[in-house]
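Since this is a predicted model, take the numbers as computed values, not measurements.
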Amino acid sequence: MGHLYTDVTVKGSKASLELKNVLIDTGATYTALPENVVEEIGAWGPLSEFEVELGNGEKVKATAYGTAIQIEGVEAPAIS
């Protein structure tokens, strides 16, 4: 198995931001974004706080925001 990378555009209420060469996790429930990206695009929220279990079993607190994600011309809402 290999890794899948692509360019992604994330959108919020203030701006759109193109992210280059993003690692895609096709089995992920949520879209993980750096805090500075969430702030820059003006993501909607915070919607809620919850606990996420990482692949190594570690549990961390996360805050959910609403965004739009566009990959290869297809755009959809996302919980980020």
Side-chain angles (χ1 to χ4, degrees):
M1 280 208 236
H3 293 94
L4 177 63
Y5 294 87
T6 192
D7 296 342
V8 174
T9 301
V10 292
K11 298 179 181 182
S13 63
K14 295 192 307 188
S16 296
L17 184 63
E18 187 173 357
L19 306 174
K20 298 284 190 179
N21 204 31
V22 175
L23 176 63
I24 304 298
D25 180 351
T26 58
T29 302
Y30 303 106
T31 302
L33 295 173
E35 200 171 328
N36 66 314
V37 170
V38 170
E39 291 173 6
E40 184 175 339
I41 66 169
W44 295 277
L47 304 175
S48 67
E49 291 187 2
F50 55 98
E51 190 172 80
V52 175
E53 185 172 346
L54 304 178
N56 66 0
E58 178 184 0
K59 294 182 180 181
V60 297
K61 289 186 180 180
T63 303
Y65 288 86
T67 62
I69 305 290
Q70 183 177 22
I71 300 174
E72 296 186 6
V74 177
E75 184 175 313
I79 302 296
S80 301

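- Between Tyr5 and Asn21, the shortest heavy-atom distance links the atoms CB-OD1, 3.2 Å.
- Within 6.0 Å of CD on Glu51 lie more than 12 heavy atoms contributed by other residues, nucleotides or ligands.
- For the residue pair Phe50 and Thr63, the shortest heavy atom distance occurs at CE2-C, 4.3 Å.
- Between Val8 and Ile24 there is a side-chain heavy-atom pair separated by less than 4.5 Å.
- A distance of 11.0 Å separates NZ of Lys11 from OG1 of Thr67, quoted to the nearest 0.5 Å.
- Ile69 and Val74 end up in different hydrophobic clusters when Ile, Leu, Val, Met, Phe, Trp and Tyr side chains are linked at under 4.5 Å.
- Closest heavy-atom contact between Tyr65 and Gly45: CE2-C, 3.7 Å.
- Contact detail for Glu72 and Thr6: the closest heavy-atom pair is OE2-OG1, 3.9 Å.
- Residues Ile71 and Val10 are members of one and the same hydrophobic cluster, defined by side-chain heavy-atom contacts under 4.5 angstrom among Ile, Leu, Val, Met, Phe, Trp and Tyr.
- Heavy-atom minimum distance, Ile79 versus Ala64: CG2-CB, 3.7 Å.
- Criterion: ILVMFWY side-chain heavy atoms under 4.5 Å apart, direct or through other members. Under it, Leu23 and Tyr30 are not part of a common hydrophobic cluster.
- Residue Val38 is grouped with residue Val22 when hydrophobic side chains (ILVMFWY) are merged at heavy-atom distances under 4.5 angstrom, including chains of intermediate members.
- In this structure Ala15 satisfies the side-chain contact (heavy atoms from CB on, under 4.5 Å) test with no other residue, sequence neighbours excluded.
- Between Leu17 and Glu40 the shortest heavy-atom distance is CD1-OE2, 3.6 Å.
- Annotation for Glu18: atom CD counts as buried by contact number, over 12 foreign heavy atoms lying within 6.0 Å.
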